[in-house]
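Note on naming: letters A, B, ... go to the chains in the order of the sequence lines (proteins, then strands), and numbering restarts at 1 for each one. These numbers come from a predicted model, not from an experiment.
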Amino acid sequence: MSIKLTAKDGIKAGIPIVMGYIPVAIAFGVLARSVGVSMLHTQLFSLMVFAGASQFMAINLIALGVGMGQIVLTTLLMNFRHFLMSASLSQRLGAQPRSRLPLLAFGVTDEVFSVAMTRKEALSRHFVWVLQLMAYLSWNAGTFAGYWLGDILPPMVQASLGIALYALFVAILLPEMRRSRQVLLLALTAGLFHTLLNLVDLLPAGWNLVAVIVIVSWMGTYVPSHNKKGGHEDAAE
Amino acid sequence: MLQNNPFLMFLLILGMMAATYIPRLIPFYMIQDLRLAPRFKRFLELIPFTALGALILPGVLTSVPGQPLAMTLGIIFAAFWAWCKGGIMVPVAGAIAIVYMVLLIG
């Protein structure tokens, strides 16, 4: 952890996020337009909310004629996972000037969090900022392009882009799973547990994910970690 | 309908912004000056991996609607490449290309 990641490192690390975001943001623009949301509001979603899954959810609920209060509440439930991610990222970043916290917090998306937190080097806020800025710009550029150009893209291309974010998550996670048997065990458990909870359909939207993260991470603190490649981590005493 | 009322749409977006930003912001202020118990610290360190596992499954199964074969082949390629060689660009670009090719053939 002696090397500290700089803004320049952020540019390189941010490219896969851009690649993953643009197609998904295009899909968002296409969807919003098809439901009859204006261009201005579509862009405002991406500029102000900046949360992929919630934005898709909102458009789908708008199409169904669901009311505003329920959409906002569902957003809150869905984004409670970012509460956990911000806590985790904040702990890793260490003390930062308080005036910088609001800007750091705005861009805590699943993808920025995943890319930043799986780095071995020490994080700096500049590194995280660059990741967030690249994510934000590509999300908004993609939204704009999707609204105006979405119809030009053949449906087959649009469909195949749906895999992009999942491929990104897989590409981030699998090397970590290979490196540590504990990560392998916990990530698999989390995925299977989440699948199971979704099948049971017990909790409101978004809470399955939160429950899985909390329960499996906590269980993980009781699993000793034996890193294959010179790791030093141990389970908390 | 909501989408036909510009003012209500703006209110909705504003509400969603608050519902997204506040959960992202609060922990930064809570954690900063806190001395954390070792187990809680470990808990926070494990969140990326459990979150990733739960973000992938079961969502990936429906990522290419109605095309389970294309989706499976694409993600298997991404997983195989990431496991053996690492990197991010090749798995992402390769998965998209494979899904597209399978859709083209099928």
**Q.** Side chain proximity check, A/Met177 to B/Phe49, heavy atoms < 4.5 angstrom
**A.** no

Q: Give, for atom OG of A/Ser90 and atom CG of B/Leu25, the distance between the pair rounded to the nearest 0.5 Å.
A: 10.0 Å

Q. For the side-chain contact (heavy atoms from CB on, under 4.5 Å) test, which of A/Val49, A/Thr75, A/Val72 pairs with B/Leu12?
A. A/Val72

Q | Contact check, side chains of B/Trp81 and A/Leu174, non-hydrogen atoms, under 4.5 Å | A | no

(Q) Heavy-atom cut-off 4.5 Å, strictly under: side chain, backbone, both or neither for B/Ile22 against chain A? (A) neither

**Q.** Test side-chain contact (heavy atoms from CB on, under 4.5 Å) applied to B/Phe28 and A/Val108, step by step
**A.** CA-CA 11 Å; B/Phe28 275 96; A/Val108 182; 3.9 Å; yes

Q.
Is the shortest side-chain heavy-atom distance between A/Thr118 and B/Leu52 below 4.5 Å?
A. yes

Q: Any chance you could measure A/Ile59, atom CD1, to B/Leu2, atom CG, to the nearest 0.5 Å?
A: 10.0 Å

Q) How long is the span from the CD1 atom in B/Ile96 to the CE atom in A/Met19, to the nearest 0.5 Å? A) 5.5 Å

Q.
For A/Leu184, which atoms come within 4.5 Å of any heavy atom of chain B: side chain, backbone, both, or neither?
A. side chain

Q: Select, from B/Val102, B/Leu57, B/Thr62, the one with the greatest count of heavy-atom pairs under 4.5 Å involving chain A.
A: B/Leu57

Q.
Please classify the contact of A/Leu104 with chain B as side chain, backbone, both or neither, using a heavy-atom distance under 4.5 Å.
A. both

Q: Under 4.5 Å heavy-atom distance to chain A, tell me which part of B/Phe10 shows up: side chain, backbone, both or neither.
A: both

Q: State, without any angle test, whether A/Thr221 and B/Arg42 hold a side-chain donor-acceptor pair at a distance under 3.5 Å.
A: no

Q: Give, as side chain, backbone, both or neither, the part of A/Ala116 having an atom under 4.5 angstrom from any heavy atom of chain B.
A: neither

(Q) Which heavy atom of A/Ile71 sits nearest to which heavy atom of B/Met16, and what is that distance? (A) CG2-SD, 4.0 Å

Q: Please report the closest heavy-atom contact between A/Met85 and B/Leu55, naming both atoms and the distance.
A: CE-CD1, 4.4 Å

Q: Would you give the length of the straight line joining atom CH2 of A/Trp218 to atom CZ of B/Arg39, rounded to the nearest 0.5 angstrom?
A: 6.0 Å

Q. For A/Tyr136, which residues count as a ring-ring contact (aromatic ring centres under 6.0 Å, His included) partner, sequence neighbours excluded?
A. A/Phe50, A/Phe106

Q | Distance-minimising heavy-atom pair for A/Leu209 and B/Ala54 | A | CD1-CB, 3.3 Å

Q: Tell me the residues of residues 38-47 of chain A whose non-hydrogen atoms fall below 4.5 Å from those of chain B, in number order.
A: A/His41, A/Leu44, A/Phe45

(Q) Quick check: closest heavy atoms across B/Ile88 and A/Pro16, and the distance to 0.1 Å? (A) CG2-CB, 3.0 Å

Q) Taking every heavy-atom pair that is under 4.5 Å apart, which of B/Gly15, B/Pro6, B/Pro23 has the most such pairs with chain A? A) B/Pro23

Q) How far does CE of A/Met68 sit from CE of B/Met9, to the nearest 0.5 angstrom? A) 11.0 Å

Q. Under a 4.5 Å heavy-atom cut-off, does chain A meet the side chain of B/Ala70, its backbone, both or neither?
A. neither

Q | Residue selection (most heavy-atom pairs with chain B, distance under 4.5 Å) from A/Val183, A/Ile15, A/Leu196 | A | A/Val183

Q: Identify which part of A/Gln91 has an atom lying under 4.5 Å from any heavy atom of chain B, answering side chain, backbone, both or neither.
A: both

(Q) Determine whether a donor-acceptor pair (N or O, by modelled atom type, separation under 3.5 Å) exists between the side chain of B/Arg24 and the backbone of A/His82. (A) no

**Q.** Residue selection (most heavy-atom pairs with chain A, distance under 4.5 Å) from B/Ile98, B/Leu103, B/Leu104
**A.** B/Leu103

Q) Is B/Tyr21 reaching over with its side chain to a backbone N or O of A/Met48, donor-acceptor style, under 3.5 angstrom? A) no

Q. Side chain to side chain donor-acceptor pair (under 3.5 Å) with B/Thr20: which residues, sequence neighbours excluded?
A. A/Asn79

Q) What's the shortest heavy-atom distance between A/Ala167 and B/Ile75, and which atoms? A) N-CD1, 3.8 Å

Q. Using a cut-off of under 4.5 Å for heavy-atom pairs, which of B/Pro91, B/Ala18, B/Pro48 has the most such pairs with chain A?
A. B/Pro48

Q: Mind checking salt bridge (Lys or Arg N to Asp or Glu O under 4.0 Å) for A/Arg81 and listing every partner two or more places apart, or none if nothing turns up?
A: A/Asp110

Q: Might you point out which heavy atoms bring A/Ala190 and B/Thr50 nearest each other, and give the distance in Å?
A: CB-O, 3.3 Å

Q: Determine yes or no for a side-chain-to-main-chain donor-acceptor pair under 3.5 angstrom, with B/Gln3 supplying the side chain and A/Val35 the backbone.
A: yes

Q | Greatest number of heavy atom pairs closer than 4.5 Å to chain A - which of B/Gly53, B/Pro58, B/Ala78 | A | B/Pro58

Q) Between A/Val210 and chain B, which part of the residue has a heavy atom less than 4.5 Å away: side chain, backbone, both or neither? A) neither

**Q.** Gap between atom OG1 of A/Thr195 and atom CD1 of B/Ile56 - 0.5 Å precision
**A.** 11.0 Å

